[in-house]
Amino acid sequence: MARDGIDDILNELGLDSESLNELSKPRAPRLPEGQKGKEQSPHRADSVPLPAAPSSQGTIKSTGDAKRREALQSIYVPEESEAGDAAGIGEMLLASGAVSGEQLALAEKVVQQTPGSSLAMVLLEQGADEEEVLRVTAEQAGVPFERIEFEIEPTEAIDGTLLQRLTLDYCKAQQLLPLRREGARAVIGALRAEDVFLADDVKRRLGVASVKLVQITPGDLKRALDALGGEDSSEMDISDLLSDVNEGDVEVTKSESDEAVDLEAQAGESPVIRYVNYIIQTAVKEGASDIHIEPAEKRIKVRFRIDGVLFEMMNPPAGMSAAITSRLKIMANLDISERRVPQDGRIRCTVAGRKLDLRVSTLPTPYGEKTVMRILDTRSINVELEKLGFDPQTYELWTNQVKMPHGIVLVTGPTGSGKTTTLYASLRQLDKNKLNISTVEDPVEYHLDGITQTQTHERIGMTFAKALKALLRQDPDVIMIGEIRDEETAHTAIQAALTGHLVLSTLHTNDAPSSITRLVNIGLEPFLVGAAVNAVLAQRLARRLCPACKVQEDPSGEMAEFLEMQGLSGSKLWGPKGCDKCRSTGYAGRVGLYEILSVDDQLRDVVARNPNVSEFRRMCIDRGMVTLRQDGMKKVMEGLTTVQEVLRVADAG
């Protein structure tokens, strides 16, 4: 094409030499972080200017040309500050302080395991600041960000004429609002402001010269739609995810309670089965102890308890709630037609060649049934006693008490503090060939070789007390009781201890001295408690610092003062940093904190006088008992955990 022909076309578009030269000026592109300040090569294609129109071409003279120039000027061109940055949304949010490294790592994990989700969506669901997240998202996408002003009527903040053209139903379906006109251009607030196809569709429906999409927040959109008589319709469309799920995918079957389910062999059967298997496999891989599946109005929250702390891992669509619950009920041999009452069951399965037991519990909620599964892994219970975190003195005291010929030895602490692990590790220290060791548990969580284990059944009257009385006729040497809950069980245990048997059991108390008064409050005579109890071990589990990334840091002034009050020097402390090996939390695994009370003859006389718990605790500390907090602070100075973790799990002084 001749040059004169190009000039004619440019002139027809309403561009004179001055305006064309202005538009053709090169704009330096945004550089990634780390390259800013570097000189850009002049030979790049995006820096070559457009050819200028000849000076002889002339200027716009007709009214039609003026209209065309007005239309061209209304085309929205992003400002340089709005151009997309090469840095990811996550890095930008982290740099701005809107999210923490742990929160970002957890959200990225959820995105990887939840198809169709986005990082911004997950962060918003986890409670991140809505305005800051969407502001950074808009900046990264190169679109403006605006908040809808609610100090005036929502109808005044929205262009009513444009709204009538688009219709309210369309705005609800596409999650957008017409905000205003800017000349021949319509400004539309949308949740998907980067969607060019949406901009084209809106432009066609409105019949305007151009459309400018700006990012708004879901909260502002919902408030505006509610004020205009609309309803929030942002619920996920699950039809695509469940399009190939048939009624036959969840089939009611009767299976033997001891039949093992190989999850890997079933991975290709159906979407629901595959997803349930994926949840279990991921939990085992991450080292979780519990799986929480919690339905809500518009989503399902799947959380794993890892090292004693819950982490949100997945967000399947809310429409899968009933299917997931039904699948788990079938695996646990529960009644899938009963959704009004809680149910308990057990799943025996194989994951990566490991045989696991999952203790399943369902609970009705307004949005469906919440399911919690406790993962019972034999590998986690087979821990040697010396590897549980005892210091040498406590370890020697405890092993001596476990090897006593008779008496009661108690382990106390809240649920999940590792009491069962400690008792099982203690039983493995005993000679199973020369001793008759029996247990009464509810339920039998782990099977131990060479030990007789009995499970209680409350419905048929097989209580702890009844099972314990039966065991006493079995010529036992050592008896382990899962928990002392009532007076009858406590009284039978006392009688067994006083007649030459070693009894190990658990209690739910805050510290070791409180266990003595708890037995008295249950209904036992103080002199019987003093005569039978040999020792009480209180314990907690604190998260262990990740050995791969822990760092030394100077304590703050407040922390240094606190350490001085605890009798510790204000030297450098080890703190969490976060890496790939610990899910960016800075912690990996757990360490035990222990408080052991050894009852000697002098304390037996004190117990017989039935002292109050505060007086008794003060007396035990005066006699040299190391408290949970003191043991925790020792482990802080050794670099095993942090002060924050000790205070979280052991608030007693």
Side-chain angles (χ1 to χ4, degrees), residues 87-130 132-134 136-137 140-141 191-192 217-218 234-238 240-242 271-272 274-321 323-325 327-328 351 367-368 370-373 375 543 546 576 578-588:
I89 298 175
E91 287 75 6
M92 297 172 69
L93 286 170
L94 193 61
S96 67
V99 297
S100 63
E102 179 178 348
Q103 188 177 8
L104 177 61
L106 179 59
E108 290 175 342
K109 177 81 70 175
V110 174
V111 171
Q112 293 173 3
Q113 298 176 350
T114 308
S117 64
S118 66
L119 182 62
M121 180 195 309
V122 173
L123 286 171
L124 291 177
E125 290 175 347
Q126 291 180 349
D129 184 78
E130 184 178 70
E132 187 64 27
V133 170
L134 291 178
V136 171
T137 304
Q140 197 268 350
L191 296 188
R192 296 179 287 116
T217 65
S234 60
E235 185 172 359
M236 291 182 63
D237 183 7
I238 61 168
D240 294 337
L241 288 173
L242 299 181
V272 174
R274 288 199 303 269
Y275 198 85
V276 170
N277 294 345
Y278 175 68
I279 292 175
I280 298 174
Q281 290 171 342
T282 305
V284 174
K285 179 181 176 182
E286 294 288 340
S289 61
D290 298 87
I291 303 173
H292 291 236
I293 303 176
E294 306 166 355
E297 184 178 3
K298 296 180 181 178
R299 65 177 181 134
I300 306 173
K301 184 188 298 183
V302 179
R303 298 194 292 173
F304 296 165
R305 187 177 295 279
I306 304 173
D307 295 336
V309 179
L310 282 170
F311 292 91
E312 185 173 347
M313 304 297 289
M314 308 175 196
N315 292 123
M320 292 185 69
S321 177
I324 290 175
T325 304
R327 173 59 187 163
L328 290 171
V351 180
Y367 300 110
K370 175 181 177 180
T371 305
V372 176
M373 292 181 285
I375 301 176
R543 290 188 292 176
C546 176
C579 64
D580 294 338
K581 295 182 179 180
C582 60
R583 300 173 301 279
S584 299
T585 62
Y587 298 95

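Numbers for residues simply follow the sequence, beginning at 1.
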(request) Nearest 0.5 Å please: distance from the CG atom of Leu123 over to the CG atom of Leu104. (result) 6.5 Å
(request) Check whether any side-chain heavy atom of Phe304 sits under 4.5 Å from a side-chain heavy atom of Met314, and report yes or no. (result) yes
(message) Just to verify, what does Glu132 make a side-chain hydrogen bond (donor to acceptor under 3.5 Å, both in side chains) with, not counting sequence neighbours?
(response) none
(message) What's the separation between atom CZ in Arg327 and atom CE in Met320, rounded to the nearest 0.5 Å?
(response) 12.0 Å
(message) Return the CD1 to CG distance between Ile300 and Asn315, rounded to the nearest 0.5 Å.
(response) 9.0 Å
(message) Minimum heavy-atom separation for Ile375 and Ala288, please, with both atom names.
(response) CD1-O, 3.6 Å
(request) Sequence neighbours left out, what passes salt bridge (Lys or Arg N to Asp or Glu O under 4.0 Å) with Lys301? Give chain and number order. (result) none
(message) The criterion is salt bridge (Lys or Arg N to Asp or Glu O under 4.0 Å); which residues satisfy it with Glu108, sequence neighbours excluded?
(response) none
(request) Kindly write out the residues that satisfy side-chain hydrogen bond (donor to acceptor under 3.5 Å, both in side chains) with Asp307, not counting sequence neighbours, or none if the list is empty. (result) none
(request) Looking only at non-hydrogen atoms, find the nearest pair between Val351 and Ile280 and report the distance. (result) CG2-CG2, 4.2 Å
(message) With rounding to the nearest 0.5 angstrom, report the CD to CD1 distance, Glu286 to Ile291.
(response) 11.5 Å
(request) Could you tell me whether the side chain of Pro295 reaches within less than 4.5 Å of the side chain of Lys370, counting heavy atoms only? (result) yes
(request) Go through the structure and list residues passing side-chain contact (heavy atoms from CB on, under 4.5 Å) with Ser289, not counting sequence neighbours. (result) Arg305
(request) Please list, chain by chain and in numerical order, all residues satisfying side-chain contact (heavy atoms from CB on, under 4.5 Å) with Thr371, sequence neighbours excluded. (result) Ile293, Thr325, Leu328, Val360, Thr362, Met373
(message) Taking the side chain as everything from C-beta on, heavy atoms only, tell me whether Pro316 gets closer than 4.5 Å to Tyr275.
(response) yes
(message) I'd like to check Pro218 versus Leu191 (side-chain heavy atoms, cut-off strictly below 4.5 Å). Are they in contact?
(response) yes
(message) Could you check whether any side-chain heavy atom of Val309 comes within less than 4.5 Å of a side-chain heavy atom of Tyr587, counting everything from C-beta outward?
(response) no
(message) As an exercise, state the distance from CD1 of Ile306 to CE of Met313, rounded to the nearest 0.5 Å.
(response) 5.0 Å
(request) Could you list the residues that satisfy side-chain contact (heavy atoms from CB on, under 4.5 Å) with Ala105, not counting sequence neighbours? (result) Ser584
